[in-house]
Amino acid sequence: MAVAARKASRSDAAPSAVKSRTARKTQSPAQKKGAAGFTKDQDLFAYREMLLIRRFEEKAGQMYGMGLIGGFCHLYIGQEAVVVGMQMATKEGDQVITGYRDHGHMLACGMDSKGVMAELTGRRGGYSKGKGGSMHMFSKEKHFYGGHGIVGAQVSLGTGIAFANRYRKNGNVCLTYFGDGAANQGQVYESFNMAELWKLPVVFVIENNRYAMGTSVSRASAQTDFSKRGASFNIPGEQVDGMDVRAVMAAGERAIEWARSGKGPYILEMQTYRYRGHSMSDPAKYRSKDEVQRMREEHDPIEQVRRRLIDQWKLSEDELKAVDAKVREIVNEAAEFATNDQEPDVAELYTDILK
């Protein structure tokens, strides 16, 4: 199948991940609605993918502290279920575009962890040849269109990608991610209007992690139900438990099918939570440590799947430790590569320039 082939092409993809991606395509209608939950292969796949993002981001945080990563670094720790669940609902050819908290999206799209980490450290083996850094990475092969540093800018760009899909009649859908803070940008609503007017195949995924750059949504947004943000444009929307990968995939399938069938855009508000600050330089003093700890203990997306794998699917602790060990090996190899790869040649300053 096309989706399974896409995952198999990634250099660090595990056989179980490919198998689970194939298995999910044979679900019954009840399973597709989330009524019957995940299969064992789906839970294993989701666990491994989310764990890869978690360990990668933890390592990136360490490398930032060591001075190996410069500039800004926005970690995705806590939000892993959103992008993993959404990617499980896609088909080959569907595109992804997002803001600057983007490492998790890249990995979920199948981009090589070595190339992502090398870009973070500014090395020539990075996805943008070491010239883009954390917020500016792309992969045409994996249909990932960035990583954008300007708040909300990716929403209009994602709408444009969807317009191209409609024009080319290729049947693809663009997943356009942005946060609760970006949801208040004017260009977002201009994009909503055009997307509905032209019935563009785009799913707007609002990752509501509650604090934008450091201000609670209750203090910054008059309408805190972000699923209703498209109401004046007749765009349907729904709120989703963004900490539950099963709920995310089920909602993603509904939204993507809506967009793919020619009905126009759809809004998904993913109610999620980031454990770290806005960026590595943010001490996150606008919330209590108890709040963060409570979210970790009661709603952690990876721990939810881990418990199912043990309780429902009877996997042993040793089997799960083996998955973690493999993921850590992949991340350590990426860090080693990114640390020792050469920096870009000075001549690269004059390449990839539009005149």
Side-chain angles (χ1 to χ4, degrees), residues 72 74-76 78-83 85-86 95-102 104-105 135 145-163 173-197 200-243 247-248 251-252 254-256 258-259 264-274 276-279 282 284 286-287 295:
F72 291 99
H74 307 83
L75 303 182
Y76 200 63
Q79 300 182 210
E80 298 91 350
V82 176
V83 71
M86 287 302 298
Q95 306 106 335
V96 170
I97 190 168
T98 187
Y100 40 75
R101 197 178 308 280
D102 52 4
H105 301 73
M135 295 186 279
Y145 290 83
H148 295 271
I150 299 175
V151 176
Q154 74 275 16
V155 181
S156 52
L157 295 175
T159 304
I161 293 170
F163 180 84
V173 173
C174 182
L175 305 184
T176 300
Y177 292 84
F178 55 104
D180 49 288
N184 293 323
Q185 291 285 318
Q187 61 193 312
V188 170
Y189 297 95
E190 295 179 59
S191 299
F192 284 177
N193 185 59
M194 288 185 285
E196 176 61 24
L197 185 64
L200 302 183
V202 55
V203 176
F204 296 110
V205 185
I206 304 175
E207 298 193 71
N208 179 8
N209 61 31
R210 308 186 186 189
Y211 289 101
M213 289 183 67
T215 303
S216 170
V217 293
S218 62
R219 295 179 57 211
S221 299
Q223 172 56 275
T224 57
D225 183 343
F226 292 92
S227 68
K228 297 179 179 178
R229 289 300 183 97
S232 62
F233 306 100
N234 297 318
I235 300 176
E238 60 181 287
Q239 290 182 318
V240 183
D241 180 358
M243 305 298 276
V248 172
R254 291 191 294 272
I256 291 171
W258 176 278
Y266 202 99
I267 294 174
L268 293 176
E269 179 198 345
M270 297 295 174
Q271 297 180 322
T272 185
Y273 195 85
R274 65 163 191 260
R276 302 290 184 92
H278 172 67
S279 69
D282 173 19
Y286 40 81
R287 60 185 180 182
M295 290 297 296

Validation row: [X], [Y] side chains within 4.5 angstrom (heavy atoms):
{"X": "Thr98", "Y": "Phe178", "result": "no"}
{"X": "Tyr177", "Y": "Ile206", "result": "no"}
{"X": "Thr272", "Y": "Asp241", "result": "no"}

Whether the side chain of Tyr189 engages the backbone of Phe233 through a donor-acceptor N/O pair (distance < 3.5 Å, no angle test) should be reported. no

Is it the case that the side chain of Gln185 and the backbone of Ala183 share a donor-acceptor pair, with hydrogens and angles ignored and the cut-off at 3.5 Å? no

Name all pairs fulfilling the salt bridge (charged side-chain N to carboxylate O under 4.0 Å, His left out) condition that reach into residues 208-225, sequence neighbours left out, sorted by first residue then second. Asp225-Lys228

Pick one: which of Asp180, Val205, Val83 meets side-chain contact (heavy atoms from CB on, under 4.5 Å) with Met270? Val205

For a side-chain contact (heavy atoms from CB on, under 4.5 Å) with Arg274, tell me which candidate from Met295, Glu207, Arg101 qualifies. Arg101

Hey, mind stepping through Val203 and Thr176 against side chain to side chain contact (heavy atoms under 4.5 Å, CB included) and telling me if it holds? CA-CA 6 Å; Val203 176; Thr176 300; over 6 Å; no

Side chain to side chain donor-acceptor pair (under 3.5 Å) filter on Glu238, not counting sequence neighbours, yields Arg254, Tyr266

Give the C-alpha distance, both sets of side-chain angles, the deciding distance and a yes or no for side chain to side chain contact (heavy atoms under 4.5 Å, CB included) between Met135 and Ile150. CA-CA 9 Å; Met135 295 186 279; Ile150 299 175; over 6 Å; no

Side chains of Asn208 and Glu269, donor plus acceptor under 3.5 Å: yes

For Tyr76, enumerate each residue passing the ring pair (Phe, Tyr, Trp, His ring centres under 6.0 Å) test, keeping only those at least two apart in sequence or located in another chain. His105

Got a sec: does the CE of Met213 have more than 12 other heavy atoms crowding it under 6.0 Å? no

Show your reasoning for whether ring pair (Phe, Tyr, Trp, His ring centres under 6.0 Å) applies to Phe204 and Phe192. CA-CA 9 Å; Phe204 296 110; Phe192 284 177; 4.8 Å; yes

Atom OH of Tyr145 and atom CD of Gln95: how far apart are they, to the nearest 0.5 Å? 5.5 Å

For Ile97 and His148, run side chain to side chain contact (heavy atoms under 4.5 Å, CB included): C-alpha distance rounded to whole Å, both residues' side-chain angles, the deciding distance at 0.1 Å, then the answer. CA-CA 8 Å; Ile97 190 168; His148 295 271; 3.6 Å; yes

Tell me if the centroids of the rings in Tyr286 and Tyr211 come within less than 6.0 Å of each other. yes

